[in-house]
Amino acid sequence: MGDRLVDSVEPYNPEMPTSVAHVTTYEPVIGLEVHVQLLTASKIFCSCCTRFGAAPNTNVCPVCLGMPGALPVLNRKAVEFATLAAMALNCRIHETSIFARKNYFYPDLPKGYQISQYDKPLAEHGYIEVQASKTDAGSEKLRTENRELRTRRIGITRVHLEEDAGKSLHEGFPDSDEKTAIDLNRAGVPLIEIVSEPDIATPDEAYEYLTRLKEIILYTGVSDCNMEEGSLRCDANVSVRPRGQKELGTKAEIKNVNSFRFIREALVYEIARQIEVIEGGGKIVQETRLYNSHEGKTYSMRSKEQAHDYRYFPEPDLPPLVVDEKWKAEIAKTLPELPEARRARFVREFGVTEYDAQVLTVSKSLADQFEAAAKAAKNPKRVANLVQGELMGRLKARGASIEQSPISMKGVAASADLVESGVISGKMLKDLYDLSFERDQDFPEVYEAEGRPQQSSDTSALEKIIDEILAANPKQLEQYRAGKTTMLGFFVGQVMKASKGHANPQLVNELLTKKLG
Amino acid sequence: MKITEKDVTYVADLANLELSAEERVHMVRDLNSILGYIDRLNELDTSNVEPMAQVSDRYGVDESKQGSERFAYATREDISEGLRKSLPQQVALENAPDSDGTFFRVPKVIER
């Protein structure tokens, strides 16, 4: 949040032919700082509303405006959310933590200090497990099935509670050349800052870490992690060192990145830039750099030297924050099953692949829907199989995520039951799924609209079709009679086709075998 | 002399204070005097005394209450209704040196 006292932004000009050789002789070291807004109804130290999108400067009061004499009173829910998130991130919760003032001047910080935590944060020593490929392959690839995966544990140094600052609007006003507009609605919204250890080895791993982190936070329900609205913000610290060297290189901090993809891009660029500088005999300067996503480059932000001296001291207006065993136990009760555990369980209980377990747990609501549907269905595994075998491919072909699927989990379960009880055939299900996708309607609606089709188990009707098929294919019949029994499949196929997929394949098989035998 | 004029200039700069040469001399003197007093306090053996950053965690608390209960008085429920309301926009902006009736306005700053 700190060093924003900027004089100018100076571009770095990168004609950047970094050879592959350099990349293998240098090793990047990455640490991430993530700020997450907590979904409380009111602010952390006053009862102003936290809702995004209110008219500017309407959710403000003497406390969050920093009026003299106004005193902060801590929101218990913010503490509970922060503690819950820290637990989900495997942190040790300190029974006693201390709020501290971080002092700096910026127009969107009305008090001239931010209430944060410093030497005694709420929680420390956590970790997230990420899966990273052995190569630096793109993370889309490493999510594909059956790829060799390894688990890496990325340490979390600390999780602490703090208040957000207001919002500065530098553009969009007639006098934006001379003035900055300030909206203080966000000032005092509760945040947690999650600081990782410098354990992250590649830009892809950073991407993976952020994806997992967001997933975990979303599962706990303490934040909506909406990057467009600023509910989740990330800064990256990155340095390079010759492979094998123990000491860390000088780091740069990259700010102003508003998507995980851009963070990966910014890191790729910044690592290449640093290697280039060192290879050229230069030195890396410790500094803050901004990422310009249009150009795909980071730029040095020349900040005043004083920027990093925050003169932290304990907040005299707030007593120590004590989260004792009793309170902690109450909070722990609200901890949901986390994505990793849920994936493992889905693989175990429903026999889905690792990959599909990932897709099905992408959000808590989807995982809940799937699980409820699967459990309500006659055969839970069939639901899982249909999601895997019929739904995923169609979604992929359309380039849609599972949340955009026209067929809901309930719809999948309904279709699974129809197949399970023999009402429709697998082929009919496929056709109905195609119709669902064509019409953008859920399965039950399409099934209704199509007049609740049933596979044909009408023996005499089927026998008539079979006779026709046999008559129409004398050559194949001869082959079959000559001992080529695999021709049976051909005849089944022909009958199914003639019945437009409505025939019960088992019955067709039976009748054919009888007729031919 | 622990504090030099350079220190005073640095701290004043951090605090956005403009000090005249005369004021700086005063500050050097005052701050050294304060630190001298602190040095005297430091002569006391406090190795058995727990550090205290504020009085509120030691005094004025209900001694019969322990743990989180002890400081519950300084926390609040997460409700936005029924507590003191936010200020009307007009009132919030009233004392600002510069405003357009919607935003506070300040001299141009470049974002981070």
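Reckoned from all heavy atoms, side chains included, excluding hydrogens, waters and symmetry mates. Since the structure is predicted, the reported quantities are computational estimates derived from the model, not experimental observations. Lettering follows sequence order; numbering is per chain, from 1.
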Whatever's closer than 4.5 Å to a heavy atom in chain B on A:Glu315 counts as backbone
Calculate, to the nearest 0.5 Å, the distance between atoms CG and CD belonging to A:Asn57 and B:Gln90 respectively.
13.0 Å
Interatomic spacing from CZ in B:Phe103 to OG in A:Ser168 - rounded to 0.5 Å
11.0 Å
Does atom CE (B:Met27) have a neighbourhood of more than 12 heavy atoms from anything else shown, all under 6.0 Å?
no
Nearest atoms (heavy-atom pairs only) where A:Lys179 meets B:Asp98:
NZ-OD2, 2.8 Å
Comparing A:Ala78, A:Cys61, A:Cys46, A:Pro314 against chain B, the one with the most heavy-atom pairs below 4.5 Å turns out to be A:Cys46
To the nearest 0.5 Å, what is the distance between CG on B:Leu14 and CG on A:Asn103?
9.0 Å
Determine whether the side chains of A:Asn59 and B:Ser86 contain a donor N or O and an acceptor N or O closer than 3.5 Å.
no
I need the A:Asp175 CG to B:Arg105 CZ distance, nearest 0.5 Å.
4.0 Å
Please classify the contact of A:Lys43 with chain B as side chain, backbone, both or neither, using a heavy-atom distance under 4.5 Å.
backbone
Can you tell if the side chain of A:Asn75 reaches within under 4.5 Å of the side chain of B:Glu77, non-hydrogen atoms only?
no
Taking the side chain as C-beta and beyond, is there a heavy-atom pair between A:Pro110 and B:Phe104 under 4.5 Å?
no
Provide the closest heavy-atom pair for B:Arg76 versus A:Ile44 in the form atom of the first, atom of the second, distance.
NH1-O, 3.8 Å
Keeping the roles fixed (side chain from B:Lys108, backbone from A:His170), state whether a donor-acceptor pair exists under 3.5 Å.
yes
Looking at A:Val60, A:Val79, A:Thr58, A:Thr50, which makes the most heavy-atom pairs under 4.5 Å with chain B?
A:Val60
Quick one: pull up SG in A:Cys49 and CD1 in B:Ile79 and give me the separation to the nearest 0.5 Å.
13.0 Å
Would you check if A:Phe173 and B:Asp100 make a side-chain contact, meaning some heavy-atom pair closer than 4.5 Å?
yes
Please classify the contact between A:Phe45 and chain B as side chain, backbone, both or neither, with a heavy-atom cut-off of under 4.5 Å.
backbone
Report yes if some heavy atom in the side chain of A:Leu321 is under 4.5 Å from a heavy atom in the side chain of B:Phe71; otherwise report no.
no
Starting at CG of B:Asn95, measure out to CE of A:Met67 and round the result to the nearest 0.5 Å.
6.0 Å
When you measure from the side chain of B:Asp78 to the backbone of A:Ala41, do you find a donor-acceptor pair of N or O atoms at a distance under 3.5 Å?
yes
Nearest heavy-atom pair of B:Ser68 and A:Trp327: which atoms, and what distance?
OG-CE3, 3.4 Å
Does the side chain of B:Thr75 reach to within under 4.5 Å of the side chain of A:Val73, using non-hydrogen atoms?
no
Of all heavy-atom pairs linking A:Pro56 and B:Thr102, the shortest is CG-CG2, 3.5 Å
With a sphere of 6.0 Å drawn around NZ of A:Lys77, does it hold more than 12 non-hydrogen atoms of other residues, nucleotides or ligands?
no
Flag if over 12 foreign heavy atoms under 6.0 Å of CZ, A:Arg51
no
Got a sec: does the NZ of A:Lys167 have more than 12 other heavy atoms crowding it under 6.0 Å?
no
Could you look at A:Pro62 and say if it's the side chain, the backbone, both or neither that has a heavy atom under 4.5 Å from chain B?
both
